[in-house]
Amino acid sequence: MKTVKMSNYSVSKEGYPHLERVCRDYNYDKVVLVGGKRALQAASPKIREALKNSDVEITGEFVYGEECTMSNVERLKNREEVQNADVIFTIGGGKSTDTGKILAAQLNKNAFSFPTICSNCSAVTAISVVYNDDRTFSHYELIPAPVHMFVETSIIANAPEEYLWAGIGDGLSKQPEVAYATKYAELDHIARMGLTLSKSCEAPFLKYGKQAIEDCRNNKSTQAIEEIAMDILVATGYVSNLTNQPEYYYNSSLAHIFYNASTAIPREKEYLHGELVSFGVLVLHAYAEQFDELDKIARFNKSIGLPITLEDVGLTYDDLEKMAEAAPNTTEWKSSVTNPLTKERFIEAMKTADEYGKKLKEERQEEIA
């Protein structure tokens, strides 16, 4: 028997008006708050306000760390306040949410997620990205998705715009990656649902993305913000859960291979996950020889300032061989059994994407001249 669980979710413009009722629906009397420092500053007062006249007890509030690492999970596991809680409230962006999900799974508890930024879909996914203590990529941890997500759009609108910007870059990968990963596979009904839903992910980013970034810059909770938040946090997250099953992994492919391989290259600047993945989308289209799509997404990236060249993400051609050596160790590469990948074509695709981006930059310079 197969069971597929998807996160329920609540959306509001201000506060968490349904929080007490949802806690009661699950018979939760004790909760613990785990998140990033800034995320807790933004969401904790609103969570406490929503629960202040209820019988739900908050046992504690803890900053998770700075990376989703197993050492941070172990540190939190040893807290009595965490052990005594009925449910983990995991608050913040991808790394804090991923930490909270693993923490909940290891303690055999459920998690509620409270995304405070829209940098990725981790708030509803059944997977966590785990890093080593030196901040290099370690592995994916397959764990239950949060049972409920609470989206408060005013918090997202007041977060730094770079996170929503990077979330658009990451979200743009979902549709082409699932399409590429499933290209030659025999799909069951769950994977087919995931593939079908993935085809709805790209259009909202192209339609609302630029306006949402502008609205976030001006701290306005608008329709564009909500559309992008729902696309990142719900649509792409649901696709992830449907295309990531014990028998197969179609959730991501070449865009995330590029991201994971790039973590093997030391660079002075830190780049956001979605920032790197957005260039990986161009690599995917170059690899698949989908040049119309490469042109469309590269031009969109350029319009909102997402990377379109290797230089934009701190890489050079000298780094590509090392990235190609790291790529076969990724989950995505190992899972591409029906559509085998080659290191040579991966290197060539990175060069092709970079060359196209350089041409677009030259076009802009000619327009200015």
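Hydrogens, waters and symmetry mates are skipped; everything else that's a heavy atom, side chains included, is used. Predicted, not measured: the structure shown is a model, and the values here were computed from it.
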Is there a donor-acceptor pair closer than 3.5 Å between any side-chain N or O of [X] and the backbone N or O of [Y]?
X: D188; Y: I190; value: yes
X: N72; Y: E67; value: yes
X: Q245; Y: N241; value: yes
X: D29; Y: V56; value: no
X: K199; Y: Q175; value: no
X: Y238; Y: S7; value: yes
X: D86; Y: K30; value: yes
X: N158; Y: S154; value: yes
X: S200; Y: L197; value: yes

Legend entry - Side chains of S278 and L172 in contact at under 4.5 Å (non-hydrogen atoms): no

Inset, instruction - State, yes or no, whether a side-chain contact exists between C201 and T236 at a heavy-atom distance under 4.5 Å. - result: yes

Which pair of non-hydrogen atoms, one from [X] and one from [Y], has the smallest distance, and what is that distance?
X: E177; Y: S253; answer: OE2-N, 2.7 Å
X: A105; Y: I143; answer: CB-CG2, 3.4 Å
X: V277; Y: G169; answer: CG1-O, 4.1 Å

Inset, instruction - May I ask you to decide whether E20 forms a salt bridge with K52, counting only side-chain N to carboxylate O separations under 4.0 Å? - result: no

Legend entry - Ring centres under 6.0 angstrom apart (H273, Y259): yes

Inset, instruction - Decide if the gap between the ring center of Y287 and the ring center of H285 is smaller than 6.0 angstrom. - result: no

Legend entry - Summary of ring-ring contact (aromatic ring centres under 6.0 Å, His included) pairs that have at least one residue in residues 63-104, sequence neighbours excluded: F89-F112, F89-F114

Legend entry - Remaining members of the apolar cluster that contains Y184, side-chain heavy atoms under 4.5 Å: none

Inset, instruction - Decide whether N260 and Y140 meet the rule of one side-chain donor and one side-chain acceptor closer than 3.5 Å. - result: yes

Legend entry - side chain to side chain contact (heavy atoms under 4.5 Å, CB included) against D318, all qualifying residues, sequence neighbours excluded: T316

Inset, instruction - Would you indicate whether D134, at its atom CG, is surrounded by more than 12 heavy atoms from other residues, nucleotides or ligands within a distance under 6.0 Å? - result: yes

Inset, instruction - State whether the number of non-hydrogen atoms from other residues, nucleotides or ligands found under 6.0 Å of R75 atom CZ is greater than 12. - result: yes

Inset, instruction - Could you label the plane-to-plane angle of the Y28 and Y26 rings as parallel, tilted or perpendicular, counting under 30° as parallel and over 60° as perpendicular? - result: parallel

Inset, instruction - Determine, using the 4.5 Å side-chain heavy-atom cutoff (strictly less than), whether V32 and V63 are members of one ILVMFWY cluster. - result: no

Legend entry - Distance under 6.0 Å and angle within 45° of ring axis: R79 vs F62: no

Legend entry - side-chain hydrogen bond (donor to acceptor under 3.5 Å, both in side chains) partner of E363, the single match among R299, K302, K358: R299

